[in-house]
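All remarks here apply to the structure that follows.
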There are 4 protein chains.
Amino acid sequence: MELTSQFYYSLWEPKVRNELKESPKAIQIMQAAERLFAGGRFHEITMEDVCRCAGVGKGTIYRYFSDKDDLFIRTAVRGIDELVSQLKSHAGEKRPFESRLLDACRSVCSFFKSRRLILHMMQSQNSHKRSAFCAGWSQYRKSIVSALADVLSAGSAEGMIRKDVPSNVLSNLLLGLLRTTARDLTDAAETFRRTEFVIEFFLRAAGPAPDKEFS
Amino acid sequence: MELTSQFYYSLWEPKVRNELKESPKAIQIMQAAERLFAGGRFHEITMEDVCRCAGVGKGTIYRYFSDKDDLFIRTAVRGIDELVSQLKSHAGEKRPFESRLLDACRSVCSFFKSRRLILHMMQSQNSHKRSAFCAGWSQYRKSIVSALADVLSAGSAEGMIRKDVPSNVLSNLLLGLLRTTARDLTDAAETFRRTEFVIEFFLRAAGPAPDKEFS
Amino acid sequence: MELTSQFYYSLWEPKVRNELKESPKAIQIMQAAERLFAGGRFHEITMEDVCRCAGVGKGTIYRYFSDKDDLFIRTAVRGIDELVSQLKSHAGEKRPFESRLLDACRSVCSFFKSRRLILHMMQSQNSHKRSAFCAGWSQYRKSIVSALADVLSAGSAEGMIRKDVPSNVLSNLLLGLLRTTARDLTDAAETFRRTEFVIEFFLRAAGPAPDKEFS
Amino acid sequence: MELTSQFYYSLWEPKVRNELKESPKAIQIMQAAERLFAGGRFHEITMEDVCRCAGVGKGTIYRYFSDKDDLFIRTAVRGIDELVSQLKSHAGEKRPFESRLLDACRSVCSFFKSRRLILHMMQSQNSHKRSAFCAGWSQYRKSIVSALADVLSAGSAEGMIRKDVPSNVLSNLLLGLLRTTARDLTDAAETFRRTEFVIEFFLRAAGPAPDKEFS
DNA sequence: AATGAATGAGAGTTCATTCAT
DNA sequence: GATGAATGAACTCTCATTCAT
């Protein structure tokens, strides 16, 4: 079953009418917010900054977003559904597993690259609407993990992936490696920053165990 | 040559007399701050919270820390030097490589576990003393990466680790895996959250390449 | 050449858009500040007091004044330009000298009376933006001294004022007498608090020396 | 009747035992306070500054002064009694009037010069213990005015001073001129900053009216 | 519908004063 | 008697949010 944005949103119940949610103006504002959030930390960005950057009045934001958190979350979350469906579509394709995995990882990477913000949020939830937000956010994270796990499961079925480790665990580890590559290897040679390298590295570890299983 | 806290501190000029830096009261305050920072984000924790939690007056904090950033940074950084020297000592020991690596990873894990804050900070710098802080912090991160890289280099020399990937890259990847294990595998079976599993997984990928090198 | 507020302001760089500087709200706030500053000392007046007295919210002040110092200085300085041009116009008029001097002194007195604050500030600079402020303030003071000196110079040319003492010195002394009259003679008979008396007193001393000059 | 410090003190009732009031330690502290107050404004000087400057502990000050105001006031007031009795003694001497007046003015000037602080305070009362302090302070000011007035009265009796203006008024005006000379004529030629000049100037105005009286 | 002036709760920080040592 | 670590009330200033226009 597919979890969509609509579902998670309900967790922190936006006070904004539905038809405004994805209106062009809302998108214009989220794009401004994205630019700003990508550069600074949540609390360093003021709503005034967002206004100026989006070229709208201060009150306008509050027509489309119930508060700063709502703006932040919806900005962060925008596009996750797309990513998830991309991943899901890769899982079902008839190409060789490695090619599908490469594309999946590339989708993840480009998603991350274009919105480093998400990466931050995925581990450090900034909102003070804690309970609602964390629940919602953690769902989102899981939907990505699970979509990538599906790709790996397919590989597992084809004998390309070891079976002694749950694909959710492997999916998490792979995401962790991608994350590290994107964030921490800024000084390393270009070779080791390419997605191909991460996959090669990952597959050595996640490929079928030749002799013994991990227990 | 070893870089110590004394060195990095100079980057954001502490305004507090040296003898106060590590006094019991300062530690008491940092412990309170650690508890709080571990749970919330930088801007959500008020100095008042820290006071209450540490059981001291508001002004007292400012005897030991020049401002909120100073408290934050010194709390985050406390113990890194110890970790680094632990790692360095592991690198030189005469035991089997795998045993040394296990201990090194355990040091890292328990360090992280006891101070999840560090993990957050390692990727999301919250201070507004941006330049000074980031510089300082990135140095710290590098000192951990590099200490773990030394352990791996030793393994490399013994033929336990592939030589086509720089040990700094491997060190980063290993830290990323440890991080993922600690943070994201909260739902996974206990088996896969153990350090032994991460090492087994890592060594499959980082062990010597049987046939071809990565290029 | 005339020095105007615009010029001096540049010394402590106003952070507020020019059109807000003289808006009715800014004036309303400065009037409240004036009332309060006239009664108490700089540090005894809190911004909260000013808010309450002006009947505006706390944040509103900061839309019009970059900080407390800015409010203080601009409140103190308001109207100096007017005073100076009044004085200058008196200097050029075709009336008898004594009449012009009387009007000049009255301008000064009513300026001082309506804003005793200025008097305080003229000798005790309270701001902690010391360098910028003192420089700026001292300029203002000089502009008043110099404008009054111009009136005296005209009298000097007409033989009404002794020529052995620079008119700047005489101007300072006259201002000192006016100041004393306004501030310290609160217990004296009404007669001696009138501007006419100060002028009579001053002119005895500053009138042309009948026999010998001071050296 | 002579008003002494003891008398005025009672107005804001010091909580410090009398034998401590003039102890060497109290004087040591007041000297430090004097140095500091002379340079900065009341609120810019912290008790910590005074401690450091006096070389005593923070608590020690509170043994000798009931609070910051008490320290400030007693520091400011120290020596006034001396000045007053100097002035009084000048009044009774048998020398020519002008010589006595010169000495009196010199006493005032050197008193002011050595403690510019007093000058500030004479017009801007900084304490927040308003009622008590202002009353006390204003008494002090009056005692100086009145002592100088006595000197002038003597001159009046000798026909050296006009009789149509109360000597208290003249005393205030003279003090105002001395003040201006000391504070505002910093740029003027040395000639006009000398006490002799002020007296010459003052006596022209305050000397006996040749023809008509002021009414 | 859109604006941005106004708001005020709440943040970080200072410093006069106290009191255990 | 002297100290200075500890205190917390009070300060200035910020910024998310509202609402009259």
Side-chain angles (χ1 to χ4, degrees), chain A residues 20 23 25 42-52 55-72 128, chain B residues 17 20 23-26 29 42-52 54-72 128, chain C residues 15 20 23-26 29 43-52 54-71 128, chain D residues 20 23 25 42-52 55-72 128:
Chain A
L20 294 179
S23 73
K25 207 131 207 167
F42 182 69
H43 273 93
E44 295 174 11
I45 311 302
T46 71
M47 292 302 257
E48 188 115 10
D49 292 335
V50 179
C51 293
R52 246 194 316 268
V56 302
K58 210 182 290 192
T60 306
I61 292 188
Y62 288 86
R63 269 191 64 76
Y64 296 95
F65 302 87
S66 54
D67 57 17
K68 195 185 180 188
D69 278 325
D70 187 39
L71 169 59
F72 182 54
H128 59 266
Chain B
R17 290 196 308 271
L20 293 179
S23 73
K25 204 117 206 170
I29 292 167
F42 182 68
H43 275 95
E44 295 172 14
I45 311 303
T46 72
M47 294 303 259
E48 192 113 10
D49 292 335
V50 179
C51 295
R52 250 193 311 270
V56 301
K58 209 186 292 194
T60 305
I61 294 188
Y62 288 88
R63 273 192 63 77
Y64 296 94
F65 303 88
S66 52
D67 56 16
K68 197 186 180 187
D69 277 324
D70 188 39
L71 169 59
F72 183 52
H128 61 266
Chain C
K15 295 158 204 159
L20 294 179
S23 73
K25 206 119 209 170
I29 292 168
H43 275 95
E44 294 172 16
I45 310 304
T46 72
M47 292 304 259
E48 192 112 10
D49 292 336
V50 179
C51 294
R52 248 194 313 269
V56 302
K58 206 186 296 192
T60 306
I61 293 187
Y62 289 89
R63 273 190 64 77
Y64 296 94
F65 304 88
S66 53
D67 56 17
K68 197 187 179 185
D69 278 325
D70 187 38
L71 170 60
H128 62 265
Chain D
L20 294 178
S23 72
K25 206 132 208 166
F42 181 69
H43 273 93
E44 294 173 11
I45 310 303
T46 71
M47 292 303 257
E48 188 114 11
D49 292 336
V50 179
C51 294
R52 248 195 313 270
V56 301
K58 209 180 293 191
T60 306
I61 292 187
Y62 287 87
R63 269 192 64 74
Y64 296 95
F65 302 87
S66 55
D67 56 17
K68 196 187 180 187
D69 278 324
D70 186 39
L71 169 59
F72 182 54
H128 59 265

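None of these values were measured; they are calculated from a predicted model. Letters A, B, ... mirror the listed sequences (proteins, then strands); counts begin at 1.
Across all non-hydrogen atoms, the minimal contact from Ile61(A) to Cys51(A) is CD1-SG, 3.9 Å. Heavy-atom minimum distance, His43(C) versus Lys68(C): CA-NZ, 4.0 Å. The heavy-atom pair separating Met47(C) from Asp67(C) by the smallest distance is CE-C, 4.5 Å.
If you check every strand for non-hydrogen atoms under 4.0 Å, Thr60(A) touches a base. When heavy atoms are screened at a 4.0 angstrom cut-off, Lys58(D) is found touching base atoms of the nucleic acid.
As rounded to whole Å, 12 Å separates atom C1' of dA10(F) from atom CG of Asp49(C). Remark: P of dC13(F) and CG of Asp70(C) are 10 Å apart, rounded to the nearest angstrom. Look at CG on Asp69(B): it is 14 Å from C1' on dA11(E), rounded to the nearest Å. Look at CZ on Phe65(C): it is 12 Å from P on dA6(E), rounded to the nearest Å. Residue Arg52(D) contributes atom CZ, which lies 12 Å from atom P of dA16(E) at whole-angstrom precision. In this structure, the CD atom of Glu44(D) is 17 Å from the P atom of dC11(F), given to the nearest Å. Between Asp67(C) atom CG and dC11(F) atom C1' there is a gap of 14 Å when expressed in whole angstrom units. As a whole-Å value, the separation of Leu71(A) CG from dA16(F) P is 11 Å.
Using N1 to N3 plus N6-O4 or O6-N4 for Watson-Crick, or N1-O2 and O6-N3 for G-U wobble, each under 3.5 Å, dG8(E) pairs with dC15(F). Both distances falling under 3.5 Å, in either a Watson-Crick or a G-U wobble arrangement, place dT21(E) opposite dA2(F). Judged by Watson-Crick or G-U wobble contacts below 3.5 Å, the nucleotide dT13(E) has dA10(F) as its partner.
The residue among Gly59(A) and Met47(C) whose nearest nucleotide of DNA chain F lies closer to the 5′ end is Met47(C). Map Glu48(B) and Gly57(C) each onto its nearest nucleotide of DNA chain E; the residue landing nearer the 5' end is Gly57(C). Residue-to-nucleotide proximity on DNA chain E shows that, of Ile61(A) and Ile61(C), the 5′-proximal contact is made by Ile61(A).
Side chain of Asp49(B) to main chain of Ile45(B): no donor-acceptor pair is present (N/O by atom type, distance under 3.5 Å, no hydrogens or angles).
Side-chain N/O atoms of Lys25(C) include one lying less than 4.0 angstrom from OP1 or OP2 on dA6(E).
Distance from the side chain of Thr46(D) is smallest for dA16(E) among the nucleotides dA2(E), dA16(F), dA16(E). Taking every side-chain heavy atom of Tyr62(A) into account, dT17(F) is the closest of dT17(F), dT7(F), dA5(F). Distances were taken from every side-chain heavy atom of Tyr64(C) (C-beta onward) to each of dA11(E), dT12(F), dA5(E); the shortest belongs to dA5(E).
Separation of atoms OG1 (Thr46(A)) and CZ (Arg52(A)) is listed at 6.5 Å; rounding is to 0.5 Å.
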